[in-house]
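Reviewing the structure listed below.
Only heavy atoms go into these numbers, but all of them, side chains included; no hydrogens, no water, no symmetry mates. Bear in mind that the values here come from a model prediction, so they are computed numbers and not experimental data. Note that ligands are numbered from 1 as they come in the structure, with each ligand's atoms numbered from 1 the same way.
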Amino acid sequence: MSELVRYELDRGVAVVTIDNPPVNALSPGVPEGIQTAIERAAADAEARAVVVIGGGRTFIAGADIREFGKIVSGEKPRLALYRFLEGIEDCPKPVVMAIHGTALGGGLEVAMAGHYRVAVATAQVGQPEVKLGIIPGAAGTQRLPRLCGVTKAAELCSSGDPISALEAHQAGIIDALIAGDLRSGAIDFALDAATRPISKVRDRHDKLAQESLLALRTRVSKKFRGQTAPLAAIDAVEAAASLTFAEGCAFEASLFNDCLFSSQSKALIHIFFGERTVAKIPGLAKDAPITPIAQAAIVGAGTMGSGIATCYLNAGIPVALQEAGQEALDAGVARIRRNLASAVEKGRITAADAEKRLALLSPTLTYEGFATADIIIEAVFENLELKMQTFAHLDTIAKPGAILATNTSTLNIDAIAASTRRPSQVIGHHFFSPAHVMRLLEIVRGRETSDSVIATSMDLAKRLKKVGVLAGNCRGFIGNRMFHEYMSQAVFLVEEGAEPSFVDDELSKWGMAMGPLAVGDLAGIDVGWRIRQEFKHLEQPGVRYAKAGDRLAELGRYGQKTGKGWYLYGPDRKPVPDPEVTAIVETVAREQGITRRAISSDEVLERTLLSLVNEGAKILAEGIALRAVDIDIIYVNGYGFPAWRGGPMKWAELEGLAAICDRIRALGWQPAPLLLSLAEGSGKFDA
Ligand code: CAA
């Protein structure tokens, strides 16, 4: 028997245990091991039935995603998995799949090849393949509709979201829920099943009917704009109603292959592993102690401060929230209440949960509660002088060992740290607005930040349900330094003749969650303007900067908060193009001697996207980003870059770095030296 799969007899039932930590993926050896065990059980006179169960924390979490990269493009669909599953189904003794943890992707497909499925209430099942840019590739789209009907199966396969064991039971995917010990309950179930005739899922037809999937297709096209796998998943499920099982499997296999060899799947698999890679910090002392964070304090109850407070409350960490004036403090508390109430409305938490979380909040006009806090987060106005004063004060009240974090989005962490007597305890925690919603936490290390403070921050990010990415200290760090270049190009394009809505629409059609100018209106045009004032002394004569943005800010057009910015906003907050902006931009263009002209869609995409790539490569070469994938994860989680394009660096790699260098030159720019050397070498960032 393979080491990955164990076989034992228990009360006349063959118990087959998969033991491939951490998640029992179907790595090479696992399917073979299960197959051998099933054959052995079939021949074992003492076994009346079979139970297949996962060792450790879960049932099978799917195919081994690392293996996908080894499948050569153009290869014919591989049918070994299909035959393996039919082999389980053909076992003459009942096979009961016993599920705990997650049965995902290939894991659920294995489970559906069993004659029965039982699960503990905490288990989850799903076909998450579309999140990797592929569709189920082992008859999932054919067996699932036979268990739960075409519409439900199409929903599950196209959304990729898992469902609870309870929902799966109601839908017919799971036959019984087991209270108490799973193995023992599954054996009881199997002994009982051995008294009944066996039926195979692939032979069932009672739930297969042609159903209209039009509404689902419309919803999915909108939600997964630009992606091919979700619609392919619907096609494959729909085919189950009109084709034989074998024909349906062949259809699924060919769609699976098309998806697997697409750049969308390469991009999404890159993001899947990337989110796990960013948590690993090379060079960090392995024994760096993680400080337990039991209590937090926040300075500033503005939009960011109250959003950050909401995150801590959601993680069950008590927060003292300070503001200078009663009115501002009350407004901050009201914002937190609204954030929690909205989670209740969306059914994410109960009203009782919201009250419990609110009870962890201590608003203060003084600094009550700060002396005992394990971490203090500063979220005051983006002004270096003010932040330095704040930190000098925090240094006098924080307990020894407390972490002092700044939520600055651009300013120099070392200068802020230097205003304290504990620079090793100072770090940047750059949250993204709205802080309780956006998944990214950019963690910025200063020159003297200790390994322990970095390790604690990475750990804390996970507790706050964020993706923490470590960045080095420079103006704007990774995210905003690149965004500055991207936004500047967007404004230049407008100055040169493009309508703001044209620039935004082209980028959002390409896949960005929002266009840059609409993002500017959301974040506040005054924010960029103030930051530019902060760095005015660094401006070089003759170097162009986004003047039109400054002009809007000077006219009080701050964006959504003032009802007008690049667009006009009514109560519904929908951006409406404003002819006044065109007039303002024309004046700014004239002042700069720019002759306005027609701008093509290609030019919009090339200038904005290549500016991101080129700056990203510089950041990488300077060591501000540890790896290209750190940049990609920041852009996907903090800036609405489409995951299915892999983040800016993966996108460039998939386009070909040599071609990217040529395209940058075609714009009259210099490719970053790193891009040039990689283009001549491996063509890959992580080689
Ligand atoms: N293949 C290879 N490695 C996997 C894996 C998989 N399917 N699933 C998880 N891992 C690895 C992770 O990369 C991670 O590795 P490191 O520790 O080296 O970083 C480790 O297992 C633990 O994973 P998580 O940190 O994600 O652990 P978690 O407890 O937070 O989550 C999980 C567990 C819910 C299973 C989550 O890992 C997950 O969603 N995995 C992917 C599941 C999936 O997409 N399955 C479908 C695969 S495609 C398929 O099956 C196609 C088909 O039809 C044949």
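Every N/O-N/O distance between Phe68 and ligand 1 stays at or above 3.5 Å. Not one N or O of Leu81 is nearer than 3.5 Å to an N or O of ligand 1, by distance alone. For the pair Ile65 and ligand 1, the shortest N or O to N or O distance falls below 3.5 Å. Considering backbone and side-chain atoms together, Thr102 places no N or O closer than 3.5 Å to any N or O of ligand 1. Residue Ala61 has at least one nitrogen or oxygen atom sitting less than 3.5 Å from a nitrogen or oxygen atom of ligand 1, judged on distance alone. Ligand 1 has a nitrogen or oxygen under 3.5 angstrom from a nitrogen or oxygen of Ala63.
For atom 19 (O) of ligand 1, a protein non-hydrogen atom is found at a distance below 4.0 Å. Checking atom 30 (O) of ligand 1 against the protein gives no heavy-atom contact under 4.0 Å.
For Arg202 and Asp90, the salt-bridge test passes: some basic side-chain N is under 4.0 Å from an acidic carboxylate O. Ion pair Glu8/Arg183 flagged as a salt bridge, since at least one NZ, NE, NH1 or NH2 atom sits closer than 4.0 Å to an Asp/Glu carboxylate oxygen. With respect to the salt-bridge test (charged N to carboxylate O, under 4.0 angstrom), the residues Arg627 and Asp632 do not qualify. Glu89 has a carboxylate O that lies under 4.0 Å from a charged side-chain N of Arg143, or vice versa, which qualifies the two as a salt bridge. Using a cutoff of 4.0 Å between basic side-chain nitrogens and carboxylate oxygens, Arg83 and Glu86 are not scored as salt-bridged.
Atoms of ligand 1 lying under 4.0 Å from at least one heavy atom of Gly105, given by number and element, are 46 (C), 50 (O). Atoms of ligand 1 lying under 4.0 Å from at least one heavy atom of Pro128, given by number and element, are 43 (C), 44 (O), 45 (N), 46 (C). Annotation for ligand 1: atoms under 4.0 Å from non-hydrogen atoms of Glu109 are 52 (C), 53 (O), 54 (C). Taking a cut-off of under 4.0 Å to the non-hydrogen atoms of Lys280, the atoms of ligand 1 that pass are 16 (P), 18 (O), 19 (O). For ligand 1, the atoms sitting less than 4.0 Å from at least one non-hydrogen atom of Asp64 are 1 (N), 2 (C), numbered in the order shown with element in parentheses. Each of the atoms 49 (C), 50 (O), 52 (C), 53 (O) of ligand 1 lies under 4.0 Å from some heavy atom of Gly106. Every atom of ligand 1 is numbered from 1 in the order shown, and the set under 4.0 Å from a heavy atom of Phe273 is 13 (O). Atoms of ligand 1 found under 4.0 Å from any heavy atom of Gly137 (numbered from 1 in listed order, with element): 52 (C), 53 (O).
A distance-only check finds no donor-acceptor pair linking the side chain of Gln127 to the backbone of Pro136 [under 3.5 Å]. Checking side-chain atoms of Thr218 against main-chain N and O of Leu214 turns up a donor-acceptor pair under 3.5 Å. At distances below 3.5 Å, at least one donor-acceptor pair connects side-chain atoms of Glu211 with backbone N or O atoms of Thr151.
Scanning the protein heavy atoms around atom 8 (N) of ligand 1, the nearest turns out to be Val23 CG2, 3.5 Å. Nearest non-hydrogen protein atom to atom 34 (C) of ligand 1 is Leu104 CD1, 4.1 Å. Protein heavy atom closest to atom 22 (C) of ligand 1, with residue, atom name and distance, is Arg57 NH2, 3.7 Å. Closest protein heavy atom to atom 15 (O) of ligand 1: Arg66 NH2, 3.8 Å. Ranking protein heavy atoms by distance to atom 40 (N) of ligand 1, first place goes to Phe272 CZ, 3.6 Å.
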Checking Asp353 against Thr350 for the side-chain hydrogen bond (donor to acceptor under 3.5 Å, both in side chains) test, could you report, in this order, the C-alpha distance in whole Å, the side-chain angles of both residues, the deciding distance, and whether it holds? CA-CA 5 Å; Asp353 288 335; Thr350 64; 3.2 Å; yes
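The shortest side-chain heavy-atom distance between Val110 and Phe84 falls under the 4.5 Å cut-off. Looking at Ile375 and His429, their side chains come closer than 4.5 Å, going by heavy atoms from C-beta outward. Between Arg439 and Glu275 there is a side-chain heavy-atom pair separated by less than 4.5 Å.
The option from Gln124, Arg276, Lys462 that lies nearest to atom 36 (C) of ligand 1, judged by heavy atoms, is Arg276.
Not a single heavy atom of Gly140 sits closer than 4.0 Å to an atom of ligand 1. Distances from ligand 1 to the non-hydrogen atoms of Gln127 include no value under 4.0 Å.
Contacts of Lys131 with ligand 1, taken as heavy-atom pairs under 4.0 Å, are absent altogether. Residue-level proximity to ligand 1 for Thr277 is absent, since no heavy atom of it falls below 4.0 angstrom.
Between Gln142 and Tyr82, the side chains place no donor N or O within less than 3.5 Å of an acceptor N or O (distance only, hydrogens not considered). Between Thr456 and Asp459, the side chains place no donor N or O within less than 3.5 Å of an acceptor N or O (distance only, hydrogens not considered).
Partner Thr102 forms a side-chain hydrogen bond (donor to acceptor under 3.5 Å, both in side chains) with one of Thr122, Thr58, Asn24 and no other, that one being Thr58.
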